[in-house]
2 protein chains.
Amino acid sequence: MTTILPPEKISETDESYSRLHQAIMKGQLLPNERLVELDLAQKFDVGRAAVRAAIARLAQEGLVGREPNRGAWVRAISEHEAIELYEARAVLEGLAAHKAAQLANAQDIADLRAIHSKMQSCFADEDLLQISELNAQLHAKILAIANHQAVTQLIQRLKAQQVRFQYRTILVPGRARQSLEEHLAIVDAIAQHDANAAEQAMRSHIMNVTQALKKSIKNGF
Amino acid sequence: MTTILPPEKISETDESYSRLHQAIMKGQLLPNERLVELDLAQKFDVGRAAVRAAIARLAQEGLVGREPNRGAWVRAISEHEAIELYEARAVLEGLAAHKAAQLANAQDIADLRAIHSKMQSCFADEDLLQISELNAQLHAKILAIANHQAVTQLIQRLKAQQVRFQYRTILVPGRARQSLEEHLAIVDAIAQHDANAAEQAMRSHIMNVTQALKKSIKNGF
DNA sequence: ACCAACAATATTGTTAACAATTATGACAAC
DNA sequence: GTTGTCATAATTGTTAACAATATTGTTGGT
C-alpha cells in the first residue's frame, strides 16, 4: 500500500535535468539545437544554475555537447556512431538474455509470450508504430527478468543516444516479418532456459537490426 | 609538428572534475568519504559552483552518490556490483577483441606480443604489481586497435567504478600463471585474425577474473 | 542515565550581480 | 563585393550573499 508522499520536493536541478532529458528524447529539442541557459531557465521557471548543472549531467551522459565559453547543444549522433551503439547493445542485451534465460519463471515466460502474441496481431494489422512500442516492451521485460543493474543502466544510456534512429529499421522492407521471427527465437530460448541460445538469438537479432540500419543509410534514409 | 599552445585556459569546472576524478581513482578519497563543496573548493582554489558541477558529473558517472540537501560522497561499490561490472566488461571487451582481430596490423600484433613477453618476465620475477600494470596496457592496446569509440567509453566508465577491486584478483593463488596463459590465447587469436576465437578468449579470460574475485570474496579478502 | 525540545552550527540549494568571452552587425578600405 | 576593424550585444563563467535544510550540541525534565 502506498503512503501519502510528503510534497516530494524535487530540487530544481533534478527537475531541469528530467525536463531537458525528456525534451531531447521526445524530439522537442532537435539535434544541433543550442541550449541557452537563460532561455531554458525561464522556460522551466528555475534558476540558471539549475539548468547549468543539468546540462553538465547531460554532457557527461553524451546527450549534449559543450565547448568552453561557447555553450551547449543537443548532440547529433552520426550514423556511424549509431552503428557503434547498436554493436555495443548487441553484446549487452545478449548478456541480459543469457541471464534472463537462467532466471525466468513461469509468469515471466507467459508475459513474454503475451507481448510477442500482440506483436503478431499488430503485424497482421500492419501497425508498424505499435510493433515498435511492443518491441521496446519485450526488450524491457527481458532486462527486468535478467535483474542486472549494471547492464540495465548501460543499455538505458545507449538507447537514449540512439533515440533519433529508433523508428528507422522497422521501415526497411521485410524487416517487420523477420523481426517477429527473431523475437520468437529469443522468447523460445528463454522459455527453455537455454541461456546460450537466448544470448545468441538476441545478438543475431540486434546484429540484423544493425544491418537494416546500414541498408537504410545506403538508400539515403 | 606541435604548435605552441595558447595558455590552454581550462575552466574551473573541468579542473575540479579531473582533480576529483583522479583523487577518487588514486584512492586519496576513500569510499563513503563525504564531499563537502566548500572544503573541496578551498582545497582546489576554485569557486563552490565549479565543485558543485563537477560533483553532478561524477554522480551521473556513478562514481559518487548524492541525496538532496544531504550532500555527496564517494560511492562504495559493493562486491556484488563489482561482479556485475565484470560481467558487463566481459562482453564489451569481447566485442573489442573481436574487432581488434579484424583490424590488427603487423605493428599492432608485435606490440601485443611485446607486452605479453614483458608480462612473462614479470611473472618470473614474481612482480605482481607490474603484471597488473602490463595487464592494463594489454587491454588498452586491444581497445585502441579495435578503434571503437562507444565500447571504449563504456569500458572506461566501468573500470573507473571498479578501481577498488583492481588488484584483488591477481593475488588469488595460481591466478597469475593462468592469467598469463589466457592473455596468450587472446593475443594468438588476434594475431591469426580469428575474430570469434579472440572474442571467446577474452570473454572466458574476464569470466575467470570474475570467478577469482568471487573466490577472494568467499575467503574474506 | 535517558529522552525531548530547542538552539546553534554546518552544509546544501538558490539567487542575483558582475566579469570574461564569443557572436553579431555596422562601417570603412580596398 | 569582399575583407577587416571596431563597437555592440548575447552568452557563458565566476563570485558572493542569502535561504532552506539537515546535523549536532545543549539544556531541562524525568
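Values in this document were obtained by computation on a predicted structure and should not be read as measured data. Numbered from 1 within each chain, the chains take letters A, B, ... in sequence-line order.
For B:Q42 and C:dA10, the CD to P distance is 13 Å, given to the nearest whole Å. Atom C1' of nucleotide D:dA20 and atom CD of B:E67 are separated by 17 Å, given to the nearest angstrom. One interatomic measurement links the two molecules: CG of B:L40 to P of C:dT12, which rounds to 9 Å at whole-angstrom precision. Spacing between atom CG of A:D39 and atom P of C:dA23 amounts to 16 Å, rounded to whole angstrom units. As rounded to whole Å, 15 Å separates atom P of D:dA22 from atom CZ of B:R66. One interatomic measurement links the two molecules: CD of B:E37 to P of D:dT14, which rounds to 16 Å at whole-angstrom precision. Taking atom CD of residue A:E15 and atom C1' of nucleotide C:dT14, one finds them 14 Å apart after rounding to whole Å. Atom CZ of A:F44 is separated from atom P of C:dT14 by 15 Å (rounded to the nearest Å).
Salt bridge status for A:R19 with A:E15: present, with a side-chain N to carboxylate O gap under 4.0 Å. B:E81 and B:R75 are joined by a salt bridge, as a carboxylate oxygen and a charged side-chain nitrogen come within less than 4.0 angstrom of each other.
Taking the six-membered ring for Trp and the full ring otherwise, A:H183 and A:H139 have centroids separated by under 6.0 Å.
Within the 3.5 Å criterion, the main-chain N or O of B:I206 finds no donor-acceptor partner in the side chain of B:E93.
Across all strands shown, A:L35 has heavy atoms under 4.0 Å from sugar-phosphate atoms exclusively, and none from any base.
The residue among B:R34 and A:N69 whose nearest nucleotide of DNA chain C lies closer to the 5′ end is B:R34.
For A:R52, no side-chain nitrogen or oxygen approaches OP1 or OP2 of C:dT15 to under 4.0 Å. At D:dT12, none of the side-chain N or O atoms of A:R70 fall inside 4.0 Å of OP1 or OP2 (strictly under the cut-off).
Side-chain atoms of A:R48 and base atoms of D:dG13 include a donor and an acceptor less than 3.5 Å apart.
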